[in-house]
2 protein chains.
Amino acid sequence: MNQLKEALDSLKETGVRITPQRHAILEYLINSMSHPTADEIYKALEGKFPNMSVATVYNNLRVFREVGLVKELTFGDASSRFDFVTTHHYHVICENCGKIVDFLYPGLDEVEHLASHVTGFKVENHRMEIYGLCPDCTSKEVH
Amino acid sequence: MNQLKEALDSLKETGVRITPQRHAILEYLINSMSHPTADEIYKALEGKFPNMSVATVYNNLRVFREVGLVKELTFGDASSRFDFVTTHHYHVICENCGKIVDFLYPGLDEVEHLASHVTGFKVENHRMEIYGLCPDCTSKEVH
DNA sequence: TCTTATATTATAATTGTTATAATTAATTTT
DNA sequence: AAAATTAATTATAACAATTATAATATAAGA
């Protein structure tokens with residue numbers, strides 16, 4: 001149940017070197033509940049690594065993505081967000097304040113199957129986002 | 001059944017001026033089956049409008065989005081794609097060649113309801129993309 | 001510890017998109 | 001229909017996110 005240790009092990013297995021920066025980025029991703037952007041990670045680790053380059057954050061997020069530890073989320077807005085991969089879940093996003101809430105739901109297997117059948121694709125996975133107003137913004141809503 | 005005429009009418013209704021550029025962009029979007037990027041539209045209309053600025057394309061795509069005629073799609077890759085709004089459908093995307101195929105499926109209402117119930121959001125809509133390999137790429141696949 | 005391959009840094013380049021200001025064109029008012 | 005008004009277009013610059021480059025530093029294995 002130690003996610004960080006497991007993640008580091010899986011890096012080792014794939015021959016990816018474990019550097020202090022990588023350790024810190026992974027740790028931050030695991031402890032963060034907020035789907036951070038690359039820049040947020042960069043700023044959050046500024047204190048610990050005053051010399052770290054933003055390229056390092058991007059490079060390592062790409063490495064983690066390739067290894068399957070991290071998922072890159074692109075919503076409508078400017079920059080990508082990154083999510084440490086745990087169990088399968090979807091995202092519910094507030095269109096007003098941008099808050100992102102995880103939403104567990106058994107995978108939509110039947111949709112994948114139908115899509116495969118109709119289009120002839122060999123379907124691998126899917127993503128879904130649900131948009132609306134969060135409770136805070138709903139109550140403040142102007143009519 | 002004339003989509004272009006209907007679209008132009010709905011622009012008129014909302015007080016949006018119909019310019020030759022807007023006409024051409026809309027026409028291109030309707031006839032294009034390819035979910036083009038802003039730049040693709042720009043290049044496609046270069047012959048007809050040698051002086052058109054790329055800003056015009058972006059501006060008008062935003063206008064069309066605000067009026068509800070067009071949907072902006074952001075996938076993992078660099079630039080947004082734009083889709084003329086017709087009936088509700090999802091997209092099946094080839095991870096190898098990038099091909100995008102429309103996939104009709106009755107909206108996942110029950111997922112929206114459950115998400116709303118669990119998170120307390122006032123849910124408005126959702127999006128879903130299905131990823132895999134298209135038939136062409138499946139047959140060429142290397143093992 | 002030495003070696004070698006890889007990671008990091010600092011910086012520049014690139015790309016998609018948006019902002020600005022001047023010009024042009026569409027609509028409204030006279 | 002002409003003048004006035006409003007909005008759209010253009011050309012350009014600015015911006016922000018991301019990626020490429022080259023030099024330096026560091027992790028892991030011999």
Side-chain angles (χ1 to χ4, degrees), chain A residues 7-28 35-67 69-82 98, chain B residues 7-9 11-28 35-67 69-83 98:
Chain A
L8 293 173
D9 283 352
S10 95
L11 283 185
K12 230 187 218 163
E13 273 168 39
T14 45
V16 174
R17 289 188 184 167
I18 292 156
T19 64
Q21 293 89 336
R22 286 184 176 162
H23 191 283
I25 293 170
L26 265 183
E27 192 173 31
Y28 182 79
H35 312 81
T37 63
D39 199 62
E40 279 163 18
I41 298 170
Y42 173 65
K43 290 214 168 65
L45 300 179
E46 214 162 37
K48 227 179 194 167
F49 299 89
N51 296 323
M52 183 168 65
S53 166
V54 70
T56 298
V57 178
Y58 278 103
N59 286 340
N60 290 331
L61 287 171
R62 176 160 32 81
V63 169
F64 298 156
R65 172 159 50 79
E66 283 165 2
V67 174
L69 285 173
V70 160
K71 210 175 231 177
E72 182 171 355
L73 313 167
T74 60
F75 304 120
D77 56 346
S79 49
S80 289
R81 298 177 161 277
F82 297 87
Chain B
L8 293 174
D9 284 351
L11 283 184
K12 231 186 214 164
E13 272 169 39
T14 47
V16 174
R17 289 186 185 166
I18 293 157
T19 64
Q21 293 89 337
R22 286 184 175 159
H23 191 283
I25 294 171
L26 265 183
E27 193 173 28
Y28 183 79
H35 311 82
T37 62
D39 199 60
E40 281 164 17
I41 298 170
Y42 174 64
K43 289 215 168 64
L45 300 179
E46 213 163 36
K48 224 178 194 168
F49 299 90
N51 297 322
M52 183 167 65
S53 167
V54 71
T56 298
V57 177
Y58 278 103
N59 285 342
N60 289 331
L61 288 171
R62 177 161 32 80
V63 168
F64 298 156
R65 172 160 48 79
E66 283 165 2
V67 173
L69 284 174
V70 160
K71 212 175 230 178
E72 184 171 355
L73 313 166
T74 61
F75 305 120
D77 56 344
S79 49
S80 290
R81 297 178 162 276
F82 296 87
D83 200 7

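Keep in mind that what you see is a predicted model, and the values were worked out from it rather than measured. Heavy atoms only: backbone and side chains are in, while hydrogens, waters and symmetry mates are out.
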Would you sort out whether V16(B) and F64(B) count as a side chain to side chain contact (heavy atoms under 4.5 Å, CB included), showing the intermediate values? CA-CA 9 Å; V16(B) 174; F64(B) 298 156; 5.7 Å; no
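- R17(A) is linked by a side-chain hydrogen bond (donor to acceptor under 3.5 Å, both in side chains) to nothing, counting only residues two or more places apart in sequence or in another chain.
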Quick one: which protein N/O atoms are closer than 3.5 Å to N/O atoms of nucleotides 1-4 of chain D? Pair and distance per line, please.
none

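- Residue V57(B) is tested with K43(B), M52(B), Q21(B) for a side chain to side chain contact (heavy atoms under 4.5 Å, CB included); the sole match is M52(B).
- Against DNA chain D, the stretch residues 42-59 of chain A makes heavy-atom approaches under 4.0 Å through A55(A), Y58(A).
- The nearest pair of heavy atoms linking L11(A) to T14(A) is O-OG1, 2.9 Å.
- Note: E40(A) CD to L45(A) CG = 11.5 Å, rounded to the nearest 0.5 Å.
- Judged as a salt bridge (Lys or Arg N to Asp or Glu O under 4.0 Å), the pairs with a partner in residues 51-67 of chain A (not counting sequence neighbours) are, in order, R65(A)-E72(A).
- With sequence neighbours left out, R22(B) forms a side-chain hydrogen bond (donor to acceptor under 3.5 Å, both in side chains) with N60(B).
- End-to-end axis angle for the helix from dT1(C)-dA30(D) to dT30(C)-dA1(D), using five pairs per end and rounding to 10°, comes out at 30°.
- Within 4.0 Å of N60(B), counting heavy atoms only, lie sugar-phosphate atoms of the nucleic acid but no base atom.
- Scored by the side chain to side chain contact (heavy atoms under 4.5 Å, CB included) test, S79(A) finds T37(A) as partners (sequence neighbours excluded).
- For A38(B) against L61(B), the heavy-atom pair with the smallest separation is CB-CD1, 3.9 Å.
- Contacts classified as ring-ring contact (aromatic ring centres under 6.0 Å, His included) and involving residues 35-60 of chain A (residues at least two apart or in different chains) are given here: H35(A)-H91(A).
- As rounded to whole Å, 8 Å separates atom C1' of dT19(D) from atom CZ of R62(A).
- Once you apply a 4.0 Å limit to the heavy atoms of chain A, the touched nucleotides of DNA chain C run 5' to 3' over dA5(C) to dA10(C).
- Considering every non-hydrogen atom in both S80(B) and T74(B), the closest pair reads OG-CG2, 3.5 Å.
- Here K12(B) pairs with nothing under the salt bridge (Lys or Arg N to Asp or Glu O under 4.0 Å) rule; sequence neighbours left out.
- Looking at residues two or more places apart in sequence or on another chain, you find a side chain to side chain contact (heavy atoms under 4.5 Å, CB included) between E27(B) and L4(B), H23(B), N31(B), K48(B).
- In the region residues 11-26 of chain A, proximity to DNA chain D at under 4.0 angstrom, judged on heavy atoms, holds for R17(A), I18(A), P20(A).
- The distance from the CD1 atom of I18(B) to the CG atom of L8(B) is 5.0 Å, given to the nearest 0.5 Å.
- Of all heavy-atom pairs between L73(B) and D83(B), the closest is CD1-CB, 3.9 Å.
- The nearest whole Å value for the distance from the CG atom in L61(A) to the C1' atom in dT18(D) is 12 Å.
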